[in-house]
2 protein chains.
Amino acid sequence: MTLADQPPAAALVFQTLLQHGPLSRAEIGRRTGLTPGAVTKVATPLMADGWITEVGRPATEGASGRPATLIAVRAERALFAGVKVTGEELIGVLADLTARPLATGRVLLDSRDVGTVVLAIAGLVDELRTAGGMAQSDALHGIGVTISGDVDSRLGTVQYSPFLDWRRVPLAQLVESAAGAPTVIENDVRALTVAEQWFGAGAGLSTFALVTVGAGIGAGLSIGGRVVSGAHGVAGEVGHLPVSGVERVCTCGNTGCVEAVASTHAITEQARQATGNARLTMDEAVRLAHAGDPAVRAVFAGAGRAVGLALACVANLIGPERIIISGEGVASYDLFADHIRQSFVDHAFGAAVDCDLVVRPLPFEEWARGGAAVAAQRVFAPAK
Amino acid sequence: MTLADQPPAAALVFQTLLQHGPLSRAEIGRRTGLTPGAVTKVATPLMADGWITEVGRPATEGASGRPATLIAVRAERALFAGVKVTGEELIGVLADLTARPLATGRVLLDSRDVGTVVLAIAGLVDELRTAGGMAQSDALHGIGVTISGDVDSRLGTVQYSPFLDWRRVPLAQLVESAAGAPTVIENDVRALTVAEQWFGAGAGLSTFALVTVGAGIGAGLSIGGRVVSGAHGVAGEVGHLPVSGVERVCTCGNTGCVEAVASTHAITEQARQATGNARLTMDEAVRLAHAGDPAVRAVFAGAGRAVGLALACVANLIGPERIIISGEGVASYDLFADHIRQSFVDHAFGAAVDCDLVVRPLPFEEWARGGAAVAAQRVFAPAK
DNA sequence: TTGTCTTAGTTTCCAAAGGAAAGGTAAGGT
DNA sequence: ACCTTACCTTTCCTTTGGAAACTAAGACAA
């Protein structure tokens, strides 16, 4: 049995359990608007097939009436592999239905040739299966491959990937043949947003944005429960918003881009200029800033201001409930934080300042987890 | 009979006819995914109650098979009043189901007191009924009142209107009592976006933005068929995006706002400074610019650049299929156009430049038409 | 003229889905 | 022991829209 065979209410119940954890049938009914009878009817086959299970009683004191029975998703019912592809390496996770990582792995790529990468993905997936203790006979429910650039997840093709120099590669199909499991592909930031929407700081919110700050600066937007893709595949490009106060020229050729002052590369460059040390690394820049070097601190301050302006743009335009700030650079986050918040507050218009800013670390395997979340989503939220 | 009594498929059929004009039953089935049988079943009661009607044959040459019968919406089946409230006056229209204006009217307000304004709205609605030739016994299907500021259309309250200095005014209920017809209220720009979504340049698009340039600069965003409202009531505030190259201080206290250089007021101010004529009007500025005055032309160029940057922000963030530029200033649009387009193209990232820019005049009654569209939407797209 | 082909539209029948409401169940309270 | 309360299950029924057979209306050819 697959979830897709089940009536719409089954998906609703399952999704509610995924997002809110163990609930009683009555509570599910209240949250979804279904009648108790409908919940029971729909939950029975799900339980028979191992998708959900009863997990005991809620800890309620002095409640009158028949005690409730909690039911919860059986996360291990289906396993997924998530693989993030960069220009240099693959990062993979084996994860369950809630995108919880069970095993992780990395593989260096020695070529960006499509065939080589596809084989490497298939190899990594096999490795993850073994590392996760899966028997040969256990089937993987799905594979999610994520990659930065212009990805058409419906067609399953990478339209354009600048880092790999790929154009119109039907990657989903290629990986599916090589690895032998249903495969979906998605833009990396959108995949991360999907993971947050279902299992992270975006769960239950109608509208939120996820901003990643690192080598590049990007964002995923979830509006009304849907991650926006953009009519031409472009959306959430906060890195290239032309905000004020940025004089440096961006790699895209423009001045004013947030990325021109706040990407890891841009910060390193600016710190080198500020110190006159042409071999300064990001780590060293962070150390200098923490030690109080005023010129380097100014570089981080400028980056923080630019990011704050970008967040203000997002808040003024779409008015999210929350903006999740995520990035590799969270070790150095204290160097930006105040400037981000300050310039956000200064430039958010009216009630947009009420938008909640949340910081979230982004460990390397998190990117791959996004892939697993996208693959899992295919199972529990089919055909949107 | 109301449309809300009818099955979901009825709304689907009706909406398809509204957006695409007369279609045969078979064609409706193809577009909506319904079976021909379902279309017939659902169309019969709609026709019996006068919501739709057969309008003849399509002009097909040499087609084989039984000729099709076109059906279309009977726009006059329901009439709506739309009223836009500003600090100085009311603008009203009487419109049919397709938001086509049948009569228009304006009333000056001599007070911004809530009670006075509500009575004035009721009076204007009555006037429109008469002007549109409605009998006393004919019922208005709905009233839509639009107003700039923070409007909660679900609650029916104006949370905050800067121009009227209103806070938490339950306007929908007040107008409903005074005018005796079901009333909805909505933010003015969002209402305009609804009108474009159903009956204008946004019909059939999954994602588009409508930008209005005038006394203020705002935008409505329609994403996946829904106009976004923002979690805190703020969305589409393109006028206060902190874009680069803007030095002037905005009324909101910040520098960098688009509105600080491109609103009608800001342009007039800058033109006065440029010419040294402290009493210059907008019309005179336009004339001077058309005559070739370099300083004044530079003011318009700067405004155009800022608007273009704002459009680039919208395109980079949400990736709409189309951006509709609308405003009172379309008479002077030629003074901006090239600069808007140029700075948009320069700063739109990647495929976002493929976004279609469309210019649309915004006659004064268009604002009120938005209200009628919102009221009509309540009838044919209930309970979203 | 008449039969055939093609597409449009209608009708009948049926399966799926979920609501209504009655009934069964498990606890605490009296 | 019995009542109350809230949870859960079951039965029955309505609504909805699909499947498929059937009718309708025109073009075309024999």
Side-chain angles (χ1 to χ4, degrees), chain A residues 1-17 20 22-49 51-72 381-383, chain B residues 1-17 20-48 52-72 382-383:
Chain A
M1 188 194 91
T2 66
L3 287 177
D5 305 331
Q6 298 301 116
L12 204 58
V13 167
F14 196 76
Q15 289 167 19
T16 306
L17 287 175
H20 302 287
L23 295 172
S24 71
R25 292 172 177 78
E27 184 58 28
I28 295 171
R30 268 173 242 125
R31 298 206 189 198
T32 57
L34 294 169
T35 59
V39 176
T40 293
K41 200 182 318 188
V42 113
T44 307
L46 288 180
M47 204 169 308
D49 203 50
W51 291 99
I52 58 177
T53 183
E54 301 195 335
V55 294
R57 298 283 169 81
T60 47
E61 292 289 307
S64 65
R66 174 176 172 177
T69 311
L70 296 177
I71 53 182
Chain B
M1 189 195 87
T2 67
L3 287 178
D5 305 331
Q6 298 301 114
L12 203 58
V13 166
F14 196 77
Q15 289 166 19
T16 306
L17 287 175
H20 302 285
L23 295 173
S24 71
R25 291 172 177 79
E27 184 58 27
I28 294 171
R30 268 174 242 125
R31 299 208 188 197
T32 58
L34 294 169
T35 58
V39 176
T40 293
K41 199 181 317 187
V42 113
T44 307
L46 288 179
M47 202 169 308
I52 58 177
T53 183
E54 299 194 336
V55 293
R57 297 282 169 83
T60 47
E61 293 288 309
S64 65
R66 171 178 173 176
T69 312
L70 296 177
I71 54 183

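The sequence lines fix the lettering, A, B, ..., with proteins before strands; numbering per chain opens at 1.
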Notebook entry, point to check: Roughly how far apart are A:Trp51 CH2 and A:Gln6 CD, rounded to 0.5 Å?
Noted result: 10.0 Å
Notebook entry, point to check: Out of B:Val39, B:Leu70, B:Val13, B:Val42, which one pairs with B:Arg25 under the side chain to side chain contact (heavy atoms under 4.5 Å, CB included) rule?
Noted result: B:Val39
Margin query: If we check side chain to side chain contact (heavy atoms under 4.5 Å, CB included) with A:Leu23, which of these qualifies: A:Ile71, A:Thr16, A:Thr32?
Written below: A:Thr16
Next item on the list: Might you work through the side-chain contact (heavy atoms from CB on, under 4.5 Å) test for A:Leu12 and A:Ile28, ending with a clear yes or no?
Entry: CA-CA 9 Å; A:Leu12 204 58; A:Ile28 295 171; over 6 Å; no
Nearest whole Å is fine: how far is [N] [atom2] from [X] [atom1]?
X: B:Gln6; N: D:dT16; atom1: CD; atom2: P; answer: 8 Å
X: B:Ile28; N: C:dG9; atom1: CD1; atom2: C1'; answer: 12 Å
X: B:Leu23; N: C:dT7; atom1: CG; atom2: C1'; answer: 16 Å
X: A:Ile71; N: D:dC7; atom1: CD1; atom2: P; answer: 13 Å
X: B:Arg25; N: C:dG9; atom1: CZ; atom2: P; answer: 6 Å
X: A:Glu54; N: C:dT25; atom1: CD; atom2: C1'; answer: 14 Å
X: A:Leu70; N: D:dC7; atom1: CG; atom2: C1'; answer: 12 Å

Checklist line | OP1 or OP2 of D:dT4 under 4.0 Å from side-chain N/O of A:Arg66 | finding: no
Check: Is the distance from OP1 or OP2 of D:dG26 to the nearest side-chain N or O of B:Ser64 less than 4.0 Å?
Finding: no
Nearest heavy atoms of [X] and [Y], plus distance in Å:
X: A:Pro58; Y: A:Ala68; result: CD-O, 3.3 Å
X: A:Pro45; Y: A:Lys41; result: CD-O, 3.0 Å
X: A:Arg57; Y: A:Pro67; result: NH1-CG, 3.5 Å

Notebook entry, point to check: Given C:dA27, C:dG9, D:dG26, which nucleotide is nearest the side-chain atoms of B:Ala68?
Noted result: C:dG9
Notebook entry, point to check: Quick one, which residues of residues 30-42 of chain B touch DNA chain C with a heavy atom under 4.0 Å?
Noted result: B:Arg30, B:Pro36, B:Gly37, B:Thr40
Checklist line | 5' priority, DNA chain D, between A:Thr44 and A:Gly65 [closest heavy atom] | finding: A:Gly65
Notebook entry, point to check: On DNA chain C, nearest-nucleotide positions of B:Glu27 versus A:Asp5: which is more 5'?
Noted result: B:Glu27
